[in-house]
Amino acid sequence: MIGTAHEGLRVSITGLGCRVPDRVVSNDELSQYVDTSDEWIVARTGIRERRIAAREEALSDLALPACHAALAQAGIDGKDIDLLIVATVTPDMAFPSTGAILADILGAADAAAYDLSAGCTGFMYALAQAYGMLAGGLSKRALVVGGDILSRILDWTDRSTLVLFGDGAGAVVLEVVPEQGFLGFELGADGGGGQNLWLPGSGSRVFDDPERYVKMNGREVFKFATRVLVQSAEQLLAVCNHSVADVDLYIPHQANVRIIDHATRKLGIPSERVVVNVDRYGNTSSGSIPLALADAAADGRLRPGQLVLMTGMGAGLTWGSALMRWTKEMAA
Ligand SMILES: CC(C)(COP(=O)(O)OP(=O)(O)OC[C@H]1O[C@@H](n2cnc3c(N)ncnc32)[C@H](O)[C@@H]1OP(=O)(O)O)[C@@H](O)C(=O)NCCC(=O)NCCS
């Protein structure tokens, strides 16, 4: 799916918040659980540490403070929200949705609230969906959450997946605004590649192996990621009549520094325009892009007028890009 945002109401991001768990887990600590090393992880992924949720922390516990921060920045209350989408593959539970749980806590009594599953691309899918509902006049103010506690579904004896992921959540408020924020989206899925990154046994399909852990073919996912990050960005920029040279800030999914470097080089985006925080958080799945947005805002790198390109990719296999003109002054 690809399209520009020139027909409906003008929509932008007016608030941003994020939260990661307190516990920092270093590469050295992981080397106590599996046969790995700080040198290997840094060289192959660029990851130095990640945050891991406490046993009593569920996704809604991480997402709630992120929502509060985003609402405060937008200057609105939970009750003003009429749409709440949570992009995640690790909701508190299958049902009720984490969206419904959060809407209740936030007092968003009139909100449509639900979860959306598109792997690490979930936040991009949810942004596009919320954009469409606001641009079409169905929703007035939306809260879009992206977050995961992937540490719950990792095999803590499998070094090929354990070292890559971390926990975290981010939230954004979307509102109808006078100045156009979102310019276009490109989203896609290739279910044929789904078994390269999957969680067999997590739903109604019965498997002989009762384990419920992430299984991944790292090399295939690497090839897929480097290809779609470039393709999706190029296609979206072209349909929006922009070139790579126009991009002020590039926010790729934070999976692996080598994947980011590869995409950045191929696209020809100078490294000073690229947001990278995978070294501190690992791959936080649906939390990745909102966490990177929040980091860029905290560093003073996200400013009104900038052309911001975000691209996610992940399980499904899925991918998705959004192009926007940033409209909000972010308090440092
Ligand atoms: C997983 C990934 C880092 C592996 O890097 P790689 O350079 O492809 O490494 P390989 O898979 O070729 O493995 C090389 C060797 O390292 C070993 N290895 C794998 N994980 C290791 C670890 N954590 N520590 C030490 N050695 C490890 C492998 O067993 C292999 O050993 P062998 O040669 O004796 O068989 C890389 O493929 C990747 O990032 N893929 C994308 C994953 C991803 O981003 N998934 C989420 C998408 S949303």
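The first residue of the sequence shown is numbered 1, and numbering continues consecutively from there. Keep in mind it's a predicted model, so treat the numbers as computed, not measured. One-based numbering, in listed order, for ligands and for the atoms of each.
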S.K.: Please report which non-hydrogen protein atom sits nearest to atom 43 (C) of ligand 1, along with the residue it belongs to and the distance in Å to one decimal place.
M.R.: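 Residue, atom and distance for the closest contact: Val221 CG1, 3.8 Å.
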S.K.: Under 4.0 Å from a heavy atom of Gly314: give me the atoms of ligand 1 that qualify, with their elements.
M.R.: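 Answer for ligand 1: 48 (S).
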S.K.: Give the atoms of ligand 1, by number and element, whose distance to some non-hydrogen atom of Arg258 is under 4.0 Å.
M.R.: 5 (O), 7 (O)
S.K.: Give a yes or no on whether Lys215 atom NZ has more than 12 heavy-atom contacts from other residues, nucleotides or ligands under 6.0 Å away.
M.R.: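 Enclosed: over 12 neighbouring heavy atoms sit under 6.0 Å from NZ of Lys215.
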S.K.: Which residue supplies the protein heavy atom nearest to atom 44 (O) of ligand 1, what is that atom called, and how far is it?
M.R.: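 The closest heavy atom on the protein side is Ala255 CB, 3.5 Å.
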S.K.: Could you tell me the residue and atom name of the protein heavy atom closest to atom 6 (P) of ligand 1, and the distance to it rounded to 0.1 Å?
M.R.: Arg44 NH1, 3.5 Å
S.K.: Is it true that Asp82 and Lys140 make a salt bridge, defined as a side-chain N closer than 4.0 Å to a carboxylate O?
M.R.: no
S.K.: For Asp110, is the CG atom crowded, meaning more than 12 foreign heavy atoms sit under 6.0 Å from it?
M.R.: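 Not buried by this count: 12 neighbours or fewer within 6.0 Å.
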S.K.: How far is atom 20 (N) of ligand 1 from its nearest protein heavy atom, and which residue and atom name does that atom have?
M.R.: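 So the nearest neighbour among protein heavy atoms is Trp40 CH2, 3.3 Å.
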S.K.: Does CD belonging to Glu179 count more than 12 external heavy atoms closer than 6.0 Å?
M.R.: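 No, CD of Glu179 has 12 or fewer neighbouring heavy atoms, counting only those of other groups under 6.0 Å.
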S.K.: Protein non-hydrogen atoms only, distance under 4.0 Å: does atom 2 (C) of ligand 1 have such a neighbour?
M.R.: no
S.K.: Ignoring hydrogens, tell whether any protein atom lies closer than 4.0 Å to atom 34 (O) of ligand 1; use the non-hydrogen atoms only.
M.R.: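 Under the 4.0 Å cut-off, atom 34 (O) of ligand 1 has no protein heavy-atom neighbours at all.
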S.K.: Out of all atoms in ligand 1, which are within 4.0 Å of some heavy atom of His253? Include the element for each.
M.R.: 48 (S)
S.K.: Verify, without hydrogens or angle tests, whether Asn196 (side chain) and Asn217 (backbone) share a donor-acceptor contact under 3.5 angstrom.
M.R.: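 Between the backbone of Asn217 and the side chain of Asn196 there is no qualifying donor-acceptor contact (under 3.5 Å).
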S.K.: What do you reckon, does Gly218 have a nitrogen or oxygen under 3.5 Å from a nitrogen or oxygen of ligand 1?
M.R.: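 In this structure, Gly218 places an N or O atom under 3.5 Å from an N or O of ligand 1.
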S.K.: As an exercise, identify every atom of ligand 1 less than 4.0 angstrom from a heavy atom of Met313.
M.R.: 48 (S)
S.K.: Is any side-chain N of the basic residue among Glu57 and Arg19 closer than 4.0 Å to the acidic one's carboxylate O?
M.R.: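 Between Arg19 and Glu57 there is no salt bridge, as every charged N stays at least 4.0 Å from the carboxylate O atoms.
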S.K.: Determine whether any protein heavy atom is located less than 4.0 Å from atom 30 (C) of ligand 1.
M.R.: no
S.K.: Answer with side chain, backbone, both or neither: which part of Thr36 has a heavy atom less than 4.0 angstrom from an atom of ligand 1?
M.R.: both
S.K.: Evaluate Arg219 for polar contact with ligand 1, using N/O atom pairs at a separation under 3.5 Å.
M.R.: yes
S.K.: What I want to find out is whether Asp38 reaches Arg48 closely enough, with some N-O distance under 4.0 Å, to be called a salt bridge.
M.R.: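 Looking at Asp38 and Arg48, the cut-off is not met.
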S.K.: Give me the residue, atom name and distance of the protein heavy atom closest to atom 38 (C) of ligand 1.
M.R.: Phe222 CD1, 3.6 Å
S.K.: Where does the angle between the aromatic ring planes of Phe207 and Trp198 fall among parallel (under 30°), tilted (30 to 60°) and perpendicular (over 60°)?
M.R.: perpendicular
S.K.: With distance as the sole test, does Gln73 use its side chain to make a donor-acceptor pair with the main-chain N or O of Ala70 at under 3.5 Å?
M.R.: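 No; judged by distance alone, with no hydrogens or angles, the pair does not exist.
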S.K.: Quick one: nearest non-hydrogen protein atom to atom 39 (O) of ligand 1, plus distance?
M.R.: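 For this ligand atom, the closest protein heavy atom is Asn256 ND2, 2.7 Å.
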S.K.: Would you say Asn283 and ligand 1 have an N/O pair spaced under 3.5 Å apart?
M.R.: no
S.K.: Following the transitive rule for hydrophobic clusters with a side-chain heavy-atom cut-off under 4.5 Å over Ile, Leu, Val, Met, Phe, Trp and Tyr, establish whether Tyr125 and Val145 coincide in one cluster.
M.R.: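 Not linked; separate clusters.
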S.K.: A quick test of your reading: do over 12 heavy atoms of other residues, nucleotides or ligands sit less than 6.0 Å from CD of Glu272?
M.R.: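 Yes, enclosed.
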S.K.: Run the numbers for me: atoms of ligand 1, each under 4.0 Å from some heavy atom of Val163, listed by number.
M.R.: 23 (N)
S.K.: Could you tell me the residue and atom name of the protein heavy atom closest to atom 45 (N) of ligand 1, and the distance to it rounded to 0.1 Å?
M.R.: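 For atom 45 (N) of ligand 1, the nearest protein heavy atom comes out as Met216 SD, 3.3 Å.
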S.K.: Which protein heavy atom lies closest to atom 48 (S) of ligand 1, and at what distance to 0.1 Å?
M.R.: Cys120 SG, 3.2 Å
S.K.: Is any N or O atom of Ser37, backbone or side chain, closer than 3.5 Å to an N or O atom of ligand 1?
M.R.: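 Among all N and O atoms of Ser37, none is under 3.5 Å from an N or O of ligand 1.
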S.K.: Return yes or no for this condition: an N or O of Arg159 is under 3.5 Å from an N or O of ligand 1.
M.R.: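 Indeed, backbone or side chain, Arg159 has an N or O that close.
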S.K.: Can you tell me which residue among Arg51, Arg50, Glu49 is in a side chain to side chain contact (heavy atoms under 4.5 Å, CB included) with Tyr281?
M.R.: Arg51
S.K.: Hey, does Leu134 have a side-chain heavy atom less than 4.5 Å from the side chain of Leu9?
M.R.: no
